[in-house]
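Just so we're on the same page: letters track the sequence lines, and every chain starts at 1.
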4 protein chains.
Amino acid sequence: MPVEFTSDMPIYLQLIRLVRQGVASGELVPGSRLPGVREMAIEYGVNPNTVQRALVKLERDGLLYTERTAGRFVTADAARIAAVRGELADRQIDDFVRQMKSLGYNCRQLLETLEKKWSDHNGDD
Amino acid sequence: MPVEFTSDMPIYLQLIRLVRQGVASGELVPGSRLPGVREMAIEYGVNPNTVQRALVKLERDGLLYTERTAGRFVTADAARIAAVRGELADRQIDDFVRQMKSLGYNCRQLLETLEKKWSDHNGDD
Amino acid sequence: MPVEFTSDMPIYLQLIRLVRQGVASGELVPGSRLPGVREMAIEYGVNPNTVQRALVKLERDGLLYTERTAGRFVTADAARIAAVRGELADRQIDDFVRQMKSLGYNCRQLLETLEKKWSDHNGDD
Amino acid sequence: MPVEFTSDMPIYLQLIRLVRQGVASGELVPGSRLPGVREMAIEYGVNPNTVQRALVKLERDGLLYTERTAGRFVTADAARIAAVRGELADRQIDDFVRQMKSLGYNCRQLLETLEKKWSDHNGDD
DNA sequence: GTGGTCTAGACCACC
DNA sequence: GTGGTCTAGACCACA
């Protein structure tokens with residue numbers, strides 16, 4: 001499972017996104033255990049502290065919880081997951097709309113372009 | 001023209017966005033001259049170096065050009081403007097689509113949500 | 001007797017609190033015998049080592065004593081119990097007063113707030 | 001300004017408490033700038049990262065904010081400060097009441113003891 | 001074994 | 001100069 005990190009964003013943020021995607025997409029099933037910090041650190045070729053940092057943030061967001069000495073787990077609270085997903089999406093869309101508006105797009109243009117883009121992406125999904 | 005800068009993003013990026021928005025929206029007309037670095041610095045209450053950095057970047061993007069001794073101007077090349085705008089939009093959309101996909105959205109959901117969001121934003125535009 | 005353990009505090013501390021509360025409230029009568037380590041471990045669903053650690057600590061505090069081959073007992077020394085209780089309370093109050101002072105409370109405010117809080121708690125006791 | 005750190009609590013938590021007390025007590029005036037991380041690290045004899053960690057947490061709580069490249073400041077929002085103080089106090093009192101109840105105290109005893117303790121503390125304040 | 005904390009020292013972006 | 005990020009490696013409490 002090779003993952004590339006871009007250098008224009010903190011690694012820990014990229015890790016967060018990675019996990020979040022996993023949870024939102026159901027790839028990481030609710031209630032399941034994550035690999036330990038050290039394990040993940042090796043897997044992704046980063047420092048354990050960096051992994052730790054990412055996971056702590058995800059915990060604060062309520063997407064993970066830690067069971068002392070047993071490891072970290074994906075929250076089993078489906079509502080919580082949905083809520084987090086909703087918040088994320090909301091902010092994303094909000095930013096996006098703001099940006100596209102500032103670039104002079106109107107609603108119709110945007111929707112069209114977006115639809116086209118979406119099909120393009122279907123290939124590499 | 002009071003502008004607020006958030007402190008969680010480099011100011012020079014916020015300046016860039018400001019200018020870009022001006023050009024894309026037509027507020028800054030093609031071929032028109034920009035205020036000098038020092039003027040802008042005072043106007044926005046930031047360091048001249050910061051303004052400089054933003055303008056240099058915009059020049060590299062082809063949105064501005066410098067005429068020695070005369071000042072900086074908005075490019076008059078409409079195609080260039082459109083191209084820059086297109087690139088920007090393209091990257092934005094690309095990222096956006098990728099993100100929303102990873103959050104489990106499908107095309108229809110996205111378009112609907114987006115349309116609703118768009119009207120919400122019309123108020124504060 | 002279902003007990004929930006929060007995972008943000010060592011379990012052994014939670015066990016200690018449990019026993020202490022039992023003794024202070026009289027639920028665990030002085031001189032009575034406690035279940036064995038293994039029994040308690042099963043009852044609470046924790047590791048026997050964890051139970052052991054808690055009980056040893058309570059012994060050091062003088063709240064329990066071990067009679068070889070017979071088991072562990074709640075101390076029958078009423079004065080001892082009172083003393084332990086006093087010490088505990090003392091430290092709690094001490095810390096509490098220090099904290100509230102540092103938050104800018106004065107004596108009257110504190111007493112009032114506390115009294116109100118106390119009644120609120122009466123419900124779930 | 002010599003400060004001692006006890007070893008039974010993470011240093012970063014002790015730092016947090018320190019700053020919080022400063023803000024709540026008004027010793028750190030709203031809007032004023034804090035020493036830089038490196039500076040504080042030296043002053044308290046800890047690692048800059050540890051200081052950083054504490055300050056980031058306080059930021060998340062809304063008690064501080066950082067101004068890019070200028071430093072960290074105490075929030076000027078009096079309501080925010082009050083709110084934070086209130087939350088803190090509330091949780092403190094809550095825990096305290098719960099504990100004292102489990103030690104078999106009743107309301108009158110508690111208030112009396114507390115009042116006495118309060119005067120004792122007046123000396124070293 | 002797990003996660004939690006800490007240090008020392010480094011590099012970066014920004015102003 | 002500021003804060004932000006990252007690494008390497010250590011020690012601890014807990015189960």
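Sorted by first then second residue, the side chain to side chain donor-acceptor pair (under 3.5 Å) pairs that include residues 86-97 of chain D, not counting sequence neighbours, are C:Q99-D:Q92, C:K117-D:D90, C:K117-D:D94, C:H121-D:D94, D:D94-D:R98. A salt bridge (charged side-chain N to carboxylate O under 4.0 Å, His left out) check over residues 64-73 of chain B, counting only residues at least two apart or in different chains, returns the pairs B:E59-B:R72.
Interface residues of residues 60-71 of chain D facing DNA chain E, ordered by number: D:R68, D:T69; criterion, heavy-atom separation under 4.0 Å.
Rounded to an integer number of Å, the gap from A:Q52 CD to F:dC12 P is 18 Å. Look at CG on D:L34: it is 9 Å from P on F:dG3, rounded to the nearest Å. Residue A:E39 contributes atom CD, which lies 13 Å from atom C1' of E:dG3 at whole-angstrom precision. In this structure, the NZ atom of C:K57 is 15 Å from the C1' atom of F:dA13, given to the nearest Å. Look at CG on A:L55: it is 13 Å from P on E:dT2, rounded to the nearest Å. Rounding to whole angstrom units, CG of residue D:N47 and C1' of E:dA10 are separated by 12 Å. Remark: P of E:dC14 and CG of B:L13 are 6 Å apart, rounded to the nearest angstrom. Remark: C1' of F:dC6 and OH of A:Y44 are 18 Å apart, rounded to the nearest angstrom.
Put simply, D:Y12 has a side-chain N or O that comes within less than 4.0 Å of OP1 or OP2 on E:dT5. Look at C:R53 and you won't find any side-chain N or O under 4.0 angstrom from OP1 or OP2 of F:dA15.
A:R38 comes within 4.0 angstrom of a nucleotide base, judged by non-hydrogen atoms across all strands. Looking at heavy-atom distances under 4.0 Å, B:I11 makes contact with sugar-phosphate atoms alone, never a base.
Distance check, rounded to the nearest 0.5 Å: CD1 of C:I16 to CE of C:M9 gives 11.0 Å. We find the CG-CG distance between C:L63 and C:L88 to be 8.0 Å, quoted to the nearest 0.5 Å.
Not counting sequence neighbours, the partners of D:Y65 by the ring pair (Phe, Tyr, Trp, His ring centres under 6.0 Å) test are D:F73.
Of all the heavy atoms in A:A89 and B:M100, the pair that sits closest is CB-CE, 3.8 Å. Smallest separation of non-hydrogen atoms from A:G22 and A:S25: O-OG, 3.2 Å.
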Starting at the 5' end of DNA chain F, what dot-bracket string do you get if Watson-Crick and G-U pairs under 3.5 Å are bracketed, crossing pairs use [ ], other-strand pairs use | and unpaired bases use dots?
||||||||||||||.

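Judged by distance alone, with hydrogens and angles left aside, the side-chain atoms of C:R33 form a donor-acceptor pair with the main-chain N or O of C:A70 at under 3.5 Å.
Residue A:G45 is the one, among C:T50 and A:G45, whose nearest nucleotide of DNA chain F lies closer to the 5' end (criterion: closest heavy atom). Between D:G36 and A:P48, the residue whose closest nucleotide on DNA chain F is further toward the 5' end is D:G36.
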Give every donor-acceptor pair under 3.5 Å between a side-chain atom in residues 46-54 of chain B and any protein atom, sequence neighbours left out.
residue: B:N47; atom: OD1; partner: B:N49; partner atom: N; Å: 2.7
residue: B:N47; atom: OD1; partner: B:N49; partner atom: ND2; Å: 3.4

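Using the six-membered ring where Trp is involved, A:F5 and A:Y44 have ring planes that are perpendicular, over 60° apart on the 30 and 60° scheme.
With F:dG3, E:dG4, E:dT7 as the choices, the nucleotide that has an atom nearest any side-chain atom of D:R72 turns out to be F:dG3. Considering only side-chain atoms of D:R33, the nucleotide from F:dG3, E:dT7, E:dT5 that sits closest is F:dG3.
Below the 3.5 angstrom threshold, one finds a donor paired with an acceptor across the side chain of A:N49 and the base of F:dG9.
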